[in-house]
Structure formats: C-alpha cells, structure tokens
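Report on the following structure.
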Amino acid sequence: HVQLVESGGGSVQAGGSLTLSCAISGLTYKRNTLAWFRQVPGQAREGVAAYFTGEGSTYYADSVKGRFTIAQDKAKNTLYLQMNSLKPEDTAMYYCAAERGYCYNVRRSVFGYWGQGTQVTVS
C-alpha cells in the first residue's frame, strides 16, 4: 500500500523560500519516478519537478528551473522540494506523486500514487 504525505506548505512573501516534504511509504520497486505537481483552481495540474530514483537524474519545468530543487533522502523515505526566489505565480496546491518505473513524460495521467496536497501562497 503506497502512501504519500506532504507537509511544509504555507504563506511567504515574494522572494522568499519554502521547503516541501513528502513522506513516502510502501514503494518497494527499485526504479521509480518521484515528482512534484502543482495546481491552481480552474487550471490543469502541472508537473514541476521529478526525480528518477536509481539514476539520480532530475526534471524541472522551465518555469522553476534555477529556483526549485528536488531531492530524495533515501534513508528517511522522503522527497523534498526546495523552493527559492518564490513568485506570486508559484501560488498553488502542491502535490507529491510517485509511479513505478521512469516516467520521463511528467504528466498527471501517468502517475498512479498521489498525496493529499499542501498549499503554497506567495504574496
């Protein structure tokens, strides 16, 4: 039973930083894709960043490149998203997602496991 639990969202001023965490359990496959998505009401859920376990490679959406960093702490079974230089347009509900295998096309439809989301508000 795969479970993802996000934490770390909140409100921050533009230019500030936040770190999101996602505690992952039950994902025993060796090669997985772990990702962060975000969604604004009325808009599609957007893939922000992804980490390909085993490879250690990453993917970032153009809108966050150079500002966000995705990382995995394997010992703690936790995925992080360090967000720096935050902008008002980063305001969204952020979701942690996981899928077995490497999902290089980081789209909502290919991920089967999701957390409940954590709100990030940048003013």
Side-chain angles (χ1 to χ4, degrees):
H1 176 64
V2 179
Q3 202 168 17
L4 290 76
V5 180
E6 301 99 333
S7 60
S11 297
V12 65
Q13 290 191 335
S17 298
L18 276 177
T19 301
L20 305 183
S21 300
C22 176
I24 301 173
S25 59
L27 198 63
T28 57
Y29 197 64
K30 287 186 179 179
R31 296 177 180 175
N32 304 290
T33 305
L34 309 177
W36 289 97
F37 283 73
R38 66 186 181 187
Q39 189 168 22
V40 174
Q43 297 185 18
R45 193 169 293 188
E46 171 195 21
V48 172
Y51 180 84
F52 305 98
T53 69
E55 277 188 356
S57 58
T58 57
Y59 157 86
Y60 293 97
D62 288 343
S63 57
V64 306
K65 273 181 188 173
R67 301 188 298 121
F68 290 12
T69 302
I70 189 170
Q72 180 198 27
D73 185 329
K74 220 174 170 182
K76 294 183 179 178
N77 291 322
T78 301
L79 182 71
Y80 299 98
L81 186 68
Q82 173 68 42
M83 305 185 293
N84 297 327
S85 303
L86 282 161
K87 305 175 181 179
E89 51 263 43
D90 294 318
T91 295
M93 184 71 79
Y94 282 71
Y95 297 90
C96 177
E99 186 52 65
R100 295 184 179 92
Y102 291 154
C103 308
Y104 294 115
N105 193 351
V106 183
R107 294 183 293 118
R108 177 180 185 173
S109 59
V110 303
F111 286 82
Y113 303 105
W114 293 89
Q116 81 287 352
T118 185
Q119 177 69 35
V120 172
T121 302
V122 185
S123 59

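Sequential numbering from 1 along the given sequence is applied to the chain's residues.
For the pair Ser17 (side chain) and Leu86 (backbone), a donor-acceptor distance under 3.5 Å is absent. No side-chain donor-acceptor contact under 3.5 Å links Tyr59 to the backbone of Val48. Using a distance-only test at 3.5 Å, with no hydrogens or angles considered, no donor-acceptor pair links the side chain of Ser57 to the main chain of Glu55. Not a single donor-acceptor pair under 3.5 Å links the side chain of Tyr95 to the backbone N or O of Arg45. Looking at Arg67, its side chain does come within 3.5 Å of a backbone N or O of Ser63 through a donor-acceptor pair.
Connection of Met83 to Tyr60 is established within a shared hydrophobic cluster, with ILVMFWY side chains joined at heavy-atom distances below 4.5 Å, either directly or through further cluster members. Val106 is connected to Tyr104 through a chain of hydrophobic side-chain contacts under 4.5 Å among Ile, Leu, Val, Met, Phe, Trp and Tyr, so both are in one cluster. Cluster membership check: Val64 shares its hydrophobic cluster with Tyr94, using side-chain heavy-atom separations under 4.5 Å among Ile, Leu, Val, Met, Phe, Trp and Tyr.
Expressed to the nearest 0.5 Å, how far OG1 of Thr78 lies from CD of Glu6 amounts to 12.0 Å. Within the model, atoms CD1 of Ile70 and CH2 of Trp36 stand 8.0 Å from one another, a figure rounded to the nearest 0.5 Å. Separation of atoms CG (Leu20) and CD (Gln82) is listed at 9.0 Å; rounding is to 0.5 Å. With values rounded to the nearest 0.5 angstrom, Leu27 atom CG is found 9.0 Å from Asn77 atom CG. Atom CE of Met93 is separated from atom OG1 of Thr121 by 9.0 Å, given to the nearest 0.5 angstrom.
When each of Val120, Leu81, Thr91, Asp90 is tested with Arg38 by the rule side-chain contact (heavy atoms from CB on, under 4.5 Å), just one qualifies, namely Asp90.
A pairwise comparison of heavy atoms in Thr33 and Gly101 identifies OG1-O, 2.8 Å as the closest pair. Residues Gly47 and Ala61 come closest through the heavy atom pair O-CB, 3.5 Å.
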